[in-house]
Trainee: 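Just passing along the structure, written as structure tokens.
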Amino acid sequence: MTTPLEGPLADSESGLWIPGSLARPGTVTGTVPAGFEAYARIFHPVHARLMEWDRDYPVPVQSRTMQWRDLAETRGTLAHPLMQWNSILAGYRNPVWNEPGWQYEDPLVGALAAGCLAEVVRILSSHTDSPSACIAGLWEGWGWVSGAAVNVTVDSEGHTYEEPLPPPFHQDTVAGAARLELPGRKYLLFNADLAVFTEPGWHEASGWDVLQSPNLLWPEDRAWFLASEIDMDSTIVGGSAALIGQLIHSGSVEALPVPADGDLTHQGDVLNERPDWQ
């Protein structure tokens, strides 16, 4: 049986050390606290589909998961620690109408995919003395958290219907829960055993959206810190040099070392040309 996360918690004391440890927003140490020995950026996987046309409709004939470095090589751009998704795409979006070609879906923003999260926490768990005593932070503004999410269906005649989805937590629990306040963000907190994130069904057991991962995650001993910022398609981890080295060389996730003051905005990619719309 999958163990659910415990929360939202009624106090935010466990996270009060974080705000004073953050640097300028948009930087590595503005995303995770300063003071760690090293930092890594985990690039969220890319899903690609080869599209061909059957009369007037595109049909996928092949699909694969790609790493950013693979896409950069395909597009003739440069993979590096501060690369940006739109820049390595080199302005390419999708095949134009009635032409075959690869379609690249945007990486997941604000969350690590379940399989990637499981691989990451397996590594993280060996770099803390308290893997069963961690705190997971969830941004309070997701529509599914507040009960603003809807299920959209389309019938055979093309009519669209929207049905509100029930909120994942009892709303009195959410209303009474403490918020961890960071610059421009408020988070609900949950007690978490890292092993939970390797179990199938943990989302449902905990009342979380199936695409969502913790936006913040750290152990009781503060040996490391993970952040999947809500507007970013990559995840930042701060920790020991040994942890960061293991992430980078794991082979199961795509990660590169980043400097503490690294610029994670689109302006941080100075090695690739920015698309015209940025």
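Numbering of residues begins at 1 and proceeds along the displayed sequence. All values below come from the heavy atoms of this structure, side chains included, with hydrogens, waters and symmetry mates left out.
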Trainee: Do Val109 and Val237 belong together in a cluster built from hydrophobic side chains that touch within less than 4.5 Å?
Mentor: no
Trainee: Check whether any side-chain heavy atom of Val120 sits under 4.5 Å from a side-chain heavy atom of Ile42, and report yes or no.
Mentor: yes
Trainee: Rounded to the nearest 0.5 Å, what separation is found between the CG atom of Leu256 and the CG atom of Leu247?
Mentor: 11.0 Å
Trainee: With distance as the sole test, does Arg41 use its side chain to make a donor-acceptor pair with the main-chain N or O of Pro81 at under 3.5 Å?
Mentor: yes
Trainee: Could you go through Gln246 and Ser126, starting from their C-alpha distance and side-chain angles, then the distance that decides it, and tell me whether this counts as side-chain contact (heavy atoms from CB on, under 4.5 Å)?
Mentor: CA-CA 10 Å; Gln246 189 174 352; Ser126 64; 4.0 Å; yes
Trainee: Tell me the ring-ring contact (aromatic ring centres under 6.0 Å, His included) pairs involving residues 58-78, sequence neighbours left out?
Mentor: Phe43-Trp68, Trp68-Trp85
Trainee: Can you give me the closest heavy-atom contact between Gln212 and Ala111, atom names plus distance?
Mentor: NE2-CB, 3.8 Å
Trainee: Which atoms form the tightest heavy-atom contact between Pro183 and Leu22, and what is the distance?
Mentor: CD-CD1, 4.0 Å
Trainee: Taking His159 for its side chain and Val154 for its backbone only, find out whether a donor-acceptor pair lies under 3.5 Å.
Mentor: no
Trainee: Drop me the distance from Ile18's CD1 to Trp218's CH2, to the nearest 0.5 angstrom.
Mentor: 3.5 Å
Trainee: If you look only at pairs with a residue in residues 176-195, which of them pass as a salt bridge (charged side-chain N to carboxylate O under 4.0 Å, His left out), with sequence neighbours excluded?
Mentor: Glu140-Arg179, Arg185-Glu229, Arg185-Asp231
Trainee: Checking the side chain of Trp224 only, and the main-chain atoms of Leu124 only, is there a donor and an acceptor separated by less than 3.5 Å?
Mentor: yes
Trainee: Is the Phe197 ring parallel, tilted or perpendicular to the Trp202 ring (thresholds 30°, 60°)?
Mentor: perpendicular
Trainee: Does any non-hydrogen side-chain atom of Val152 lie less than 4.5 Å from one of Tyr161?
Mentor: no
Trainee: Could you check Met232 against Leu264 for side-chain contact (heavy atoms from CB on, under 4.5 Å), going step by step and ending with a plain yes or no?
Mentor: CA-CA 8 Å; Met232 292 185 182; Leu264 299 173; 3.8 Å; yes
Trainee: May I have the step-by-step check of side-chain hydrogen bond (donor to acceptor under 3.5 Å, both in side chains) for Ser63 and Arg49, ending in yes or no?
Mentor: CA-CA 4 Å; Ser63 63; Arg49 299 186 301 172; over 6 Å; no
Trainee: State, with a plain yes or no, whether a side-chain heavy atom of Leu243 is found less than 4.5 Å away from one of Phe36.
Mentor: no
Trainee: Indicate yes or no: at least one non-hydrogen side-chain atom of Tyr187 is less than 4.5 angstrom from one of Leu138.
Mentor: no
Trainee: Grouping I, L, V, M, F, W and Y whenever their side-chain heavy atoms are under 4.5 Å apart, do Trp102 and Val61 come out in a common cluster?
Mentor: yes
Trainee: OG of Ser14 to CG of Asn191: how many Å apart, nearest 0.5 Å?
Mentor: 7.5 Å
Trainee: Count I, L, V, M, F, W, Y as connected when their side-chain heavy atoms are under 4.5 Å apart, and connections chain through other members. Are Met66 and Leu108 then in the same cluster?
Mentor: no
Trainee: Could you walk me through whether Thr128 and Asp221 satisfy the side-chain hydrogen bond (donor to acceptor under 3.5 Å, both in side chains) test, starting with their C-alpha distance in whole Å, then the side-chain angles of each, then the deciding distance to 0.1 Å, before giving a yes or no?
Mentor: CA-CA 7 Å; Thr128 173; Asp221 62 8; 2.9 Å; yes
Trainee: Return yes if some donor-acceptor pair links the side-chain N/O of Ser21 with the main-chain N/O of Ala34 below 3.5 Å, else return no.
Mentor: no
Trainee: Should Val145 and Asp209 be marked as a side-chain contact (heavy atoms from CB on, under 4.5 Å) after you check the CA-CA gap, both sets of side-chain angles, and the distance that decides it?
Mentor: CA-CA 8 Å; Val145 173; Asp209 185 271; over 6 Å; no
Trainee: Check whether any side-chain heavy atom of Asp106 sits under 4.5 Å from a side-chain heavy atom of Asp233, and report yes or no.
Mentor: no
Trainee: Using side-chain hydrogen bond (donor to acceptor under 3.5 Å, both in side chains), reason through His44 and Glu254 one step at a time and then give a plain yes or no.
Mentor: CA-CA 8 Å; His44 299 176; Glu254 183 182 17; over 6 Å; no
Trainee: Rounded to the nearest 0.5 Å, what's the gap from CZ on Arg222 to CD1 on Ile135? Could you check?
Mentor: 11.0 Å
Trainee: Using the side-chain contact (heavy atoms from CB on, under 4.5 Å) rule, take Asp261 and Thr27 through it: C-alpha gap first, then chi angles, then the decisive distance, then the call.
Mentor: CA-CA 6 Å; Asp261 62 352; Thr27 62; 5.8 Å; no
Trainee: For Val59, does its backbone N or O pair with a side-chain atom of Glu52 as donor and acceptor, under 3.5 Å?
Mentor: no
Trainee: Got a second to check how far Asp11's CG is from Leu16's CG, nearest 0.5 Å?
Mentor: 8.0 Å
Trainee: Starting from Phe190, can I reach Trp17 by hopping between I/L/V/M/F/W/Y residues whose side chains sit under 4.5 Å apart?
Mentor: yes
Trainee: Locate the shortest heavy-atom distance separating His80 from Asp269; write the atom from each residue and the value.
Mentor: NE2-OD1, 2.7 Å
Trainee: Once you round to the nearest 0.5 Å, how far does OG1 of Thr31 lie from OH of Tyr39?
Mentor: 10.5 Å
Trainee: Show the nearest heavy-atom pair for residues Ser228 and Leu226, with the distance to one decimal.
Mentor: OG-CD2, 4.1 Å
Trainee: State, to 0.1 Å, how close Ser130 and Pro219 come at their nearest heavy-atom pair, and which atoms those are.
Mentor: OG-CB, 3.7 Å
Trainee: So which atom in Pro214 and which in Leu117 form the shortest heavy-atom distance, rounded to 0.1 Å?
Mentor: CD-CD2, 4.0 Å
Trainee: Would a distance-only check, ignoring hydrogens and angles, find a side-chain to backbone donor-acceptor pair under 3.5 Å from Thr77 to Ile88?
Mentor: yes
Trainee: Heavy-atom count check: over 12 atoms from other residues, nucleotides or ligands less than 6.0 Å from Gln67 CD?
Mentor: yes
Trainee: Within the distance-only criterion (no hydrogens, no angle test), does the side chain of His203 pair as donor or acceptor with the backbone N or O of Leu211 below 3.5 angstrom?
Mentor: no
Trainee: Using modelled atom types and a 3.5 Å cut-off, is there a donor and acceptor pairing between side-chain atoms of Ser12 and backbone atoms of Gly15?
Mentor: no
Trainee: Is the backbone of Trp139 close enough, under 3.5 Å, to the side chain of Asn215 for a donor and an acceptor to pair up by distance?
Mentor: yes
